[in-house]
Every structure is written in structure tokens, then in C-alpha cells.
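Have a look at the structure below, then the notes.
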Amino acid sequence: MPELPEVETTVRRLRPEIVGRTITGVRLDWSRHTPTPAELRSLLPGRTVVGMARRGKYLVLDLEPAGRTLLIHLGMSGRLLTAAPDADPDKYAHTVLSMDNGRQLRFSDARKFGRLYLLADPRTVLGRLGPEPLSDAFSAGWLTEQLARRRRAIKPLIMEQSFIAGIGNIYADEALHRAGLEPRRPANSLAPAEADALHGGIQAVLAEAIEHGGTSLDWVYPGGKMQMRLRVYGRTGRPCLACGSSIERIVLGQRSTHFCPCCQR
DNA sequence: AACAGCCCCTGGGTGC
DNA sequence: TGCACCCAGGGGCTGT
């Protein structure tokens, strides 16, 4: 599920309660984390969360002492929430950290694609990511230059985390509609004005999604309102809000792709 | 560099 | 009710 806006919303919601808390216990029913469950049980208790941020689709928790960093990637169905130990039993919460305020930080993930990493140097994971799309490093000039060097289809390219960090299937489709670009266009076929439009579309849709608390689809990510503002994602066969044409669905890079054949060229 | 195919997992919806 | 099948917001790996 979670793309940049949903992770950002999660960080903003949890930060006030998590920062300053010391981890007192760990329960793990899932072994595909890094390092092993035994090491996590040994290394996490006693450490205090001194900072909480987002990089791409990763939640980044800085821990003291010893400068360890906890990275959490929510995968497709992961959620991070706090709860009282006896509240709302959650059979998908396979990773639970107890905190010194008596509450739990629960990593709930029905599909188990999410991952947690406790690292001495977070750059081993985060170093592979491209620029943050809402930072100065992601400028229209930079994007124009990069696009000229690639001939790959534009949609799978902007979803490549090493190219730009944080964009997933929903916001790729939405950014391309806002930019008026057909998802299969080769990156190096974009004129500078089109690259500018793509840059603007990416920043606008991500900012709008953060403002509205992210996209809630099905039961996966609660609380967001952005799903009511999506213009193409999940709207196959329905009229384009700009021109009335029927939204098309194709498969591109093995992901469903929605676009308006009239507005996006 | 790019792409297809496969894998990791589970749940929900649909059609028979 | 059961069952087969398709779909899903993520990404890593491999072979071409």
C-alpha cells in the first residue's frame, strides 16, 4: 500500500508519541527481518527513540545508545500503530515493541511483504534511493537532464526507487495524468516543457496526498481521504474528470496502469 | 540498461 | 458452501 504520502502521514501521526520512548520489550512472530529475531530481541530493549523521519517509503527511527537506526518498510499491506497491550487484538501484528509508557508499537502486516532493519549504518539500505521528490534535490532541471539519458517508459522509470524515492503505482498514474503524459512514453522523448510538467505533477500530487492524509483503499490504510481525489487510479471505464473520455487500464511493467487516452499524450 | 518472469505472502471479490 | 481464479498499494532476484 503505502507510498510516500502514507508513510509521511504515519510518521507525523506517530512521532509525538514515539520520540523519547524507550523500548522495553520485543515480540516477533516473523523471521524475515534484519538481523535475526534473536538479535533483535537482544539489541532493541533499552534503546530510546531519539528521532523519527521518512526517507522514500521507509520509516527511519534513530535509536540511542550506540547510534543504531531502525528502518521499517511497510510493503503492500503494512501498518504501524500504537495501542494499549490489551486493546484490539490484531492477528496480523507480527512485530510488537513494548514502550516505557506502557503502550505498544505494532507492526501489523497481513501480507508480510513489510520489512524491518536494525542497522549501524542506514546508508546500506537508504543509500540506494534516488532523491526525495519534495526536496530541493529533485529539481525540474535535474529531472529534465536525467530523463534525456534514459529511453525507458516513463511510468516504470518514476516508480524506480533508485531513480526517485517514494513513488508507487497510485501516485505514478496520478502524476502522469496531472502532467498530461502517456505512461508508455520513452523518458528521452519528453520535451523540456513536458519534463517540467512531470516534475510539477509529481510534486503536486504528493503534496495534495499528504495534505489529505494519504490514500485509504479497502482495509489497508485507515484515515486517509486522498482516495476521493484520485483522477485515474482505479477509475477504469469511468469518465476522465478533465475531458470525459473513458479511463483506460493497461498493464505496464506488470503493474496495472490507468490513464486518459485523450488528456495524456 | 531494461525487461520479463518468478518469488515472497494473504485476503477479498467474483463467477461457477 | 465450496472452490478455482483473479486481483492487490512493494520489491528482490535471475536470466536474457
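First the proteins, then the strands, lettered A, B, ... as listed; each starts at 1. This is a predicted model, so every value here is computed, not measured. Below, each value reflects all heavy atoms present in this structure, side chains not excepted, and no hydrogens, waters or symmetry copies.
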>> What's the gap between dC9(B) and dC5(C) when it is taken at their P atoms, as a whole Å value?
In response: 22 Å

> When you measure from every atom of DNA chain C, which of residues 247-256 of chain A have a heavy atom less than 4.0 Å away?
Replying inline: Arg249(A), Arg255(A), Ser256(A)

> Which is true for Arg151(A) with a 4.0 Å heavy-atom rule: it touches a base, it touches only sugar-phosphate, or it touches nothing?
Replying inline: sugar-phosphate

>> Using whole Å, what does the distance between atom C1' of nucleotide dA8(C) and atom CZ of Arg79(A) come to?
In response: 16 Å

> With sequence neighbours excluded, what pairs up with Phe163(A) under the ring-ring contact (aromatic ring centres under 6.0 Å, His included) test?
Replying inline: Trp142(A)

> What would the secondary structure line of DNA chain C be in dot-bracket form, counting Watson-Crick and G-U wobble pairs under 3.5 Å, with [ ] for pairs that cross earlier ones and | for pairs with another strand?
Replying inline: .|||||||.|||||||

Report all interatomic pairs (protein N or O, nucleotide N or O of nucleotides 13-16 of chain C) with separations under 3.5 Å.
none

> Are any of Arg152(A)'s side-chain N or O atoms less than 4.0 Å away from OP1 or OP2 of dA1(B)?
Replying inline: no

> What interatomic distance, in whole Å, is found between P of dC6(C) and the corresponding atom of dG5(B)?
Replying inline: 15 Å

> Looking for any heavy atom pair under 4.0 Å, which part of the strands does Tyr233(A) touch: base, sugar-phosphate only, or nothing?
Replying inline: sugar-phosphate

>> Please say yes or no: joined through hydrophobic side-chain contacts below 4.5 Å, possibly via intermediate residues, are Ile154(A) and Ile247(A) part of one cluster?
In response: no

>> Checking Asp90(A) now: which residues fulfil salt bridge (Lys or Arg N to Asp or Glu O under 4.0 Å) with it, not counting sequence neighbours?
In response: none

> Excluding sequence neighbours, so at least two apart, what forms side chain to side chain donor-acceptor pair (under 3.5 Å) with Asn101(A)?
Replying inline: none

> Does the side chain of Gln161(A) come under 3.5 Å of the side chain of Tyr58(A) through a donor N or O and an acceptor N or O?
Replying inline: no

